[in-house]
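Worksheet: the structure to be examined is printed underneath.
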Amino acid sequence: MIGKFWLKVVLTCSLLLILSSPALADTIRIAVASPFTGALAAYGDNVKAGVTLKVDKINAQGGIDGKQIRVEWMDEQCEPREAATVSSRIAQNRNIVGVVGHLCSSAHLAALPSYLRHGVPVVAPTTTAVSISEQTKDRNGKTWAFRVVYRDDYQGEFLAQYVSEILGLKNIAVFYENNDYGIGLKDAFVNKAQELGLNIVGQEAYVGGASDFTPQLTRLRGRNPDGLFISGYYPEGALIAGQAQNLGMNVTKFGADGFDNVDYITLAGSAAENTYLTVPFLADVAEGDAIEFLENFRERFGREADWMSVNAYDAAGILLQAIAEAGPDRAKIRESIASINSPENAYQGIAGSTYFNDVGDTLKPAFVKMVKDGQFVAAPVQMD
Amino acid sequence: MFEQQLINGLTLGMIYALIAVGYTMVYGVIQLINFAHGEIFMLSAFLAVTFITVFGLPIYVVIFMTMGCCALIGVMLDIFAYRPLRQSPRLAALITAIGMSIFLQNLAMIIWGSRPRPFVQEALPAFLRTPALSFGEATVSWLQLTIFGTASLLMIILFLIINKTRVGTAMRALSQNRTGAALMGINVNRVISFTFALGSSMGAVAGIMVAIYYNTLYPTMGYVAGVKAFAAAVLGGIGSVPGAMIGGIILGIAEALGAGYISSLYRDGIAYAVMIAVIIFRPSGILGKSTVEKV
């Protein structure tokens with residue numbers, strides 16, 4: 001009798017072990033960390049849509065080694081505080097083998113220490129802050145964090161060149177959000193602009209979530225700028241554009257990837273006209289797989305895909321390719337992603353080819369969009 | 001530029017003042033800081049947009065409907081959340097107020113979603129955005145002028161209600177001594193309900209004006225505005241209605257000038273610093289009554 005009892009105990013324990021061991025579970029779990037509620041929830045939706053399309057495609061093809069991919073959606077509201085909690089929850093859940101995220105640079109920077117300490121490979125679809133490059137390696141010099149988007153210094157310099165050479169602006173007023181993204185982008189822009197001989201008439205900071213920008217705009221208006229650079233996200237950007245119009249400032253507005261959302265036009269209305277922005281992906285120049293992706297996206301979600309969904313699709317693609325090659329093991333997945341390090345073995349995604357340097361950064365071209373008659377269209381002149 | 005900053009500050013201050021009177025009246029009557037007042041302000045913006053988009057009503061009708069609805073919400077708030085706690089320690093009611101604030105904010109997120117949305121511009125007369133006056137470099141838009149006008153008118157009406165009507169007299173009696181007022185035959189609960197209704201409808205007008213002025217509304221907009229207005233009420237002397245008006249205007253101007261001349265990052269800090277400075281020298285606020293504790 002006692003023998004039978006112990007047999008049962010051993011069987012139950014081993015069954016539990018099998019069930020809890022990630023290698024033998026019948027699903028592979030990855031996490032997607034983004035803001036799914038809060039002011040930037042619309043961005044999180046875009047990331048969710050991109051990842052969903054990729055994961056569904058792979059699952060429909062039979063998954064990886066016969067295992068279905070399961071995604072844990074982790075909401076961090078783009079708050080560094082929340083992101084730190086979310087990342088340690090992900091790191092401690094050994095069933096989660098990799099992360100696609102985060103969306104905001106500030107949140108990403110707050111989340112990275114947990115990922116590095118516990119060894120979780122993470123592919124960021126949209127984080128452009130320069131300072132992230134210094135935080136991607138663990139103590140042993142291994143890179144755990146990768147991103148599939150260009151950095152703000154590239155984007156800022158590109159924008160300075162564009163407004164100077166293509167748009168012919170001379171006197172630029174600068175508005176920036178007081179966070180990692182806003183400051184990094186602004187610094188890169190201002191340095192390059194001064195190099196190109198543009199006149200920066202003033203720099204004004206604002207706090208995310210603010211709604212009254214008239215004092216700063218009033219101050220800038222007195223210095224007669226012909227261009228207004230807004231280094232931040234679209235909710236505040238739309239308010240700044242609207243209030244500038246109310247104060248009678250008739251200037252060309254320009255921003256970066258943080259502006260790429262239809263809500264910018266909805267919120268700013270007619271003040272959105274004549275806004276230029278850099279984006280990492282432009283539907284008008286898409287080819288091959290990208291066209292198929294855009295069609296699938298339209299069919300499934302009933303709207304046009306924007307660059308965030310495209311990058312999320314590619315980021316998930318890179319992570320899942322690594323899982324397919326290395327199996328569900330965090331350290332091996334990291335090695336597999338890190339080995340994508342030259343143009344020859346680059347990952348061919350829908351936003352072009354991606355390969356990483358030593359700190360997990362990638363270099364990709366930038367495109368320019370503008371608002372015309374209440375819609376985003378490709379700017380008439382692109383720049384190489 | 002100074003004139004323009006002053007005008008911007010005055011516009012902001014008028015709005016703060018309208019919200020602040022809601023805090024101060026409720027405090028004057030039942031010594032409760034109604035933290036959910038900021039949420040009524042937020043709800044009014046959403047209700048107004050809903051009335052316009054769903055029922056297609058003109059803006060003038062919508063303003064009165066929203067005032068009515070918010071007055072009703074304010075009264076309900078009192079009946080369901082605060083009245084059961086009337087005899088409890090003041091801390092219990094205060095915590096309930098914070099709880100109601102969180103509840104209403106999340107309710108709005110469930111109903112309308114958390115994304116910011118624009119006000120329905122089509123519902124507004126087009127002339128509002130055009131400049132009405134200009135002197136030197138400064139311009140005042142019709143919208144700003146409308147905000148000054150509406151806020152001033154409402155303040156005068158409020159002043160008349162409090163000082164010239166029977167229910168106003170009852171409110172003042174209640175703020176002096178609730179038990180005494182009850183013994184004189186005043187229906188205490190009815191007067192308190194009236195106070196909530198009056199304060200909430202003022203907050204409702206402020207909510208609509210802010211949504212139009214900034215052309216944006218979101219479920220968390222009540223929090224910052226509420227805290228600022230509360231600071232304005234304290235600055236002016238909590239419990240005093242003219243004090244709340246003056247406090248709101250001072251705070252708005254301090255904020256605009258601070259952001260314009262010192263640092264836009266510390267604009268909230270500057271506004272609160274002004275409040276703290278006043279409180280240090282006049283602990284009961286500008287127009288507050290310094291009460292002597294009788295032993």
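Chain letters run A, B, ... following the sequence lines, proteins first and then strands; every chain starts at 1.
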With a 4.5 angstrom heavy-atom cut-off, is it the side chain or the backbone of Asp212(A) that approaches chain B, or both, or neither?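 Both parts, backbone and side chain.
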Which region of Leu267(A), side chain (C-beta onward) or backbone (N, CA, C, O), has a non-hydrogen atom less than 4.5 Å from a non-hydrogen atom of chain B, or is it both or neither? both
Aromatic ring proximity Tyr266(B)/Tyr272(B), centre distance under 6.0 Å: no
Minimum heavy-atom distance Val174(A)-Ile200(A), with the two atoms named: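 Scanning both residues, the minimum pair turns out to be CG2-CG2, 4.0 Å.
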For Phe254(A) and Phe229(A), which heavy atoms make the closest approach, and how far apart are they?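 That would be O-CD1, 3.2 Å.
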Please look at [X] and chain A and tell me whether the side chain, the backbone, both or neither of the residue comes under 4.5 angstrom of a heavy atom of that chain.
X	result
Leu143(B)	neither
Asn8(B)	side chain
Tyr218(B)	side chain

Out of Gln243(A), Gln245(A), Arg221(A), return the one with the most heavy atom pairs under 4.5 angstrom to chain B.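 Most heavy-atom pairs under 4.5 Å with chain B: Arg221(A).
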Can a salt bridge be assigned to the pair Glu304(A) and Arg298(A) using a cut-off of 4.0 Å between side-chain N and carboxylate O?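 So Glu304(A) pairs with Arg298(A) through a salt bridge.
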Would Asn215(B) and Arg117(B) count as having a side-chain donor-acceptor pair, cut-off 3.5 Å?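 No donor-acceptor contact under 3.5 Å links the two side chains.
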Answer yes if the side chains of Glu39(B) and Tyr223(B) hold a donor-acceptor pair under 3.5 Å, and no otherwise. no
Fit a plane to each ring of Tyr23(B) and Phe35(B), take the angle between them on a 0 to 90° scale, and name the class: parallel (under 30°), tilted (30 to 60°) or perpendicular (over 60°).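 Aromatic pair Tyr23(B)/Phe35(B) classed perpendicular.
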Residues in residues 248-261 of chain B near chain A [non-hydrogen atoms, under 4.5 Å]: Ala256(B), Ala259(B), Gly260(B), Tyr261(B)
Please walk me through it: do Tyr43(A) and Tyr234(A) pass ring-ring contact (aromatic ring centres under 6.0 Å, His included)? CA-CA 10 Å; Tyr43(A) 280 168; Tyr234(A) 73 91; 5.2 Å; yes
Test side-chain hydrogen bond (donor to acceptor under 3.5 Å, both in side chains) on Glu204(A) and Tyr176(A) and set out the steps. CA-CA 6 Å; Glu204(A) 295 287 342; Tyr176(A) 64 97; over 6 Å; no
